[in-house]
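As the structure is a computational prediction, the values presented were derived from the model and not from experiment. Chain letters run A, B, ... following the sequence lines, proteins first, then strands; residues in each count from 1. The figures here come from the full heavy-atom set of this structure, side chains too, leaving out hydrogens, waters and symmetry mates.
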Protein chains: 2
Amino acid sequence: MKFAPSALQTADDSADTGTRQIRDALRDAIVERRLSPGTKLSESDVGNLFNVSRTLVRAALQALSYEGLVSVEKNRGAFVAYPSPEEARQIFAARRLVEPGILREAATRITPSQIWQLRHLLLEEGRLMGERGQTARRAEIKASGDFHLTLAAISGNVIMQRFMDELVARSSLVIALYGQSTISSCGHSEHGNIVAAIERNDLDEACRLMLDHIAHIEADLDLRERRGFNLKEALEL
Amino acid sequence: MKFAPSALQTADDSADTGTRQIRDALRDAIVERRLSPGTKLSESDVGNLFNVSRTLVRAALQALSYEGLVSVEKNRGAFVAYPSPEEARQIFAARRLVEPGILREAATRITPSQIWQLRHLLLEEGRLMGERGQTARRAEIKASGDFHLTLAAISGNVIMQRFMDELVARSSLVIALYGQSTISSCGHSEHGNIVAAIERNDLDEACRLMLDHIAHIEADLDLRERRGFNLKEALEL
DNA sequence: AGGCAACGTTTCGTATACAATCCTTCAGCA
DNA sequence: TGCTGAAGGATTGTATACGAAACGTTGCCT
């Protein structure tokens, strides 16, 4: 009798490197908004693009569907997810529900080097905010999400970390769809305030700031029902 | 009549019925402990069992791996997950983090018919507790999980619902592995107390009860590192 | 001219085939 | 006897092939 030694290693299986590569590439493209919601992801096309067979592409798409970034419809194919306003609300409701808890846990476990890491992230974020251009904007989006992800990583809970991965990615999709302010993305200063509160060890204030922060992001959305609920129509206009 | 909170509605896309069937069958078998942690799930064997090709089995195993119920190792195959003590701790930490929030949300949205549904679940749970035998025990574990899942369903947040699906399933695995008390499973009365608190509209008390409840489950575990995989030592005794 | 139906094309769903990797076993040697 | 190493078998990784469903188009009928 032998035991599976897998249990102790990282939660992310990352079984086949081929699939993982495609999955990560597609996810990055979606999160950074290079792929618009509703875009069809044909298995053959993606396969040709990566010079692999449909098998691996299919696995990657299935994985992304599990993360809520693509939606696969039986006998119709896979599309970049097109979250409904209701879905968007639920995503942010979930974030309001979990992020304060993650923040509390992270704050109690944080080390000086990790605080430095957070500050470094903020610096990078601020630098990108100053720049112009699509690339800088994308990098800014990513950095802004990385702040929340790093907090989850610091909390030390792999499960919550994975969950936040999903929530942040889907948030990006929602912002891409419904965000109205051109400045968009998280208010940079709010991140800084949260770090400051953590350093002061003022957890209640940090949580309050986090909730405000999430509320601000959501407040920037225009979540009215667009008749484009049928994504096919929206695309073919 | 039977409630199947895990299989309720549209939240899970799960396009292909073939894969879905295998996935659900395997998941039930794992959660109900008919498949022991560490058991190898050979693609060919499972495929023959279901009379389908490896392709579908592979997809199902991959899906289960995303839920944390199966761990796939490159070039080695898939095994029923064998959660480490650390993983177990993180699972319950995550539940402590999210369940109070879910409970609060559910309590504000709950309808009389849903309260009836919860009470029905409690009755069933109590009935199973009285019975003897492995089957009753398994059904009891399942029913006890269904309580938490139903609460998540009532909260109306599909995302949190899916997350709780995963957490409850993995908890079952952990309890199966590390639970020591023969009575095991959730204290039944605690579920009843929570429902009562909800009916009184005493949310703070309900949350407190929920946290206690989770703590009690975790307290029943023996999470000491058992190094089973150094089998040489075990044999040389 | 417009709508409907049948056909062809494209894409997905599933099975099967081949290649790569790992585990087991058995032979050879110190 | 105990260890090393290579061959064989078994299992997974990936690609390809074939059947089925859906979409677009064309042509006919009203």
Side-chain angles (χ1 to χ4, degrees), chain A residues 1-7 9 12-26 35 38-66 69-82 230-237, chain B residues 12-26 35 38-66 69-82 229-232 235-236:
Chain A
M1 167 65 98
K2 70 197 210 15
F3 292 144
S6 72
Q9 79 195 13
D12 200 346
D13 37 78
S14 66
D16 359 281
T17 57
T19 298
R20 213 178 84 85
Q21 211 168 343
I22 297 171
R23 176 169 67 82
D24 290 350
L26 283 178
L35 281 170
T39 304
K40 182 172 172 79
L41 300 172
S42 160
E43 296 178 353
S44 315
D45 291 353
V46 179
N48 292 335
L49 216 50
F50 284 89
N51 279 88
V52 296
S53 82
R54 280 177 48 214
T55 308
L56 300 187
V57 177
R58 204 177 163 77
L61 290 175
Q62 204 178 325
L64 288 170
S65 136
Y66 209 82
L69 292 183
V70 313
S71 78
V72 300
E73 304 177 26
K74 185 178 172 71
N75 280 320
R76 288 189 33 88
F79 305 83
V80 178
Y82 196 102
N230 185 343
L231 56 92
K232 191 175 57 175
E233 289 179 359
L235 283 178
E236 291 176 355
L237 269 185
Chain B
D12 208 346
D13 38 72
S14 61
D16 347 291
T17 59
T19 299
R20 212 179 86 85
Q21 211 167 345
I22 298 171
R23 176 170 66 80
D24 289 350
L26 282 178
L35 282 170
T39 304
K40 181 173 172 75
L41 299 172
S42 158
E43 295 178 355
S44 317
D45 291 353
V46 179
N48 292 336
L49 216 50
F50 284 90
N51 280 87
V52 296
S53 82
R54 279 177 49 213
T55 308
L56 300 186
V57 177
R58 206 177 162 76
L61 290 174
Q62 207 175 325
L64 287 170
S65 125
Y66 296 136
L69 293 183
V70 160
S71 83
V72 300
E73 304 175 30
K74 187 177 169 68
N75 281 321
R76 287 189 34 87
F79 304 84
V80 178
Y82 197 100
F229 69 79
N230 193 345
L231 55 92
K232 192 159 57 176
L235 289 178
E236 288 175 357

By the definition side chain to side chain contact (heavy atoms under 4.5 Å, CB included), identify the one residue from B/Leu61, B/Val46, B/Ile22 that meets it with B/Leu56.
B/Ile22
Euclidean distance, atom CG of residue B/Leu41 to atom P of D/dT11 [Å, nearest integer]
13 Å
Nearest heavy-atom approach of B/Thr19 to B/Ala60 is CG2-N, 3.6 Å
Side chains of B/Gln62 and B/Tyr66: is there a donor and an acceptor less than 3.5 Å apart?
yes
To the nearest Å, give me how far apart CD1 (B/Ile22) and C1' (C/dT14) are.
11 Å
Over all atoms of both residues, closest heavy-atom pair of A/Gly77 and A/Lys40
CA-NZ, 3.9 Å
Taken to the nearest whole Å, CD/A/Glu73 to C1'/D/dA21 is 14 Å
From CG of A/Asn48 across to P of C/dT10 the rounded distance in Å is 14 Å
Can you figure out which of C/dA15, D/dA15, D/dT12 approaches the side chain of B/Ser53 most closely?
C/dA15
Would you mind telling me which of C/dA15, C/dG13, D/dT14 lies closest to the side-chain atoms of B/Val52?
C/dA15
Taking the side chain of A/Thr55 as its heavy atoms from C-beta onward, which of D/dA15, C/dT16, C/dG13 lies nearest to it?
D/dA15
For D/dT12, does either OP1 or OP2 sit under 4.0 Å from a side-chain N or O belonging to B/Lys40?
yes
Can you tell which of D/dA17, D/dT12, D/dA22 lies closest to the side chain of A/Arg54?
D/dA17
To the nearest Å, how far apart are B/Asp45 CG and D/dT12 C1'?
13 Å
Minimum-distance nucleotide (side-chain atoms of B/Asn75 versus D/dT14, C/dT21, C/dC12)
C/dT21
In whole angstroms, how far is the P atom of D/dA15 from the CD atom of A/Glu43?
13 Å
Over how many whole Å does the gap from B/Arg58 atom CZ to D/dT12 atom C1' extend?
6 Å
Check the phosphate of C/dC23 against B/Arg76, side-chain N and O only, distance under 4.0 Å to OP1 or OP2. Yes or no?
yes
Keeping the roles fixed (side chain from A/Lys74, backbone from B/Thr17), state whether a donor-acceptor pair exists under 3.5 Å.
no
What integer distance in Å separates A/Leu61:CG from C/dT11:C1'?
13 Å
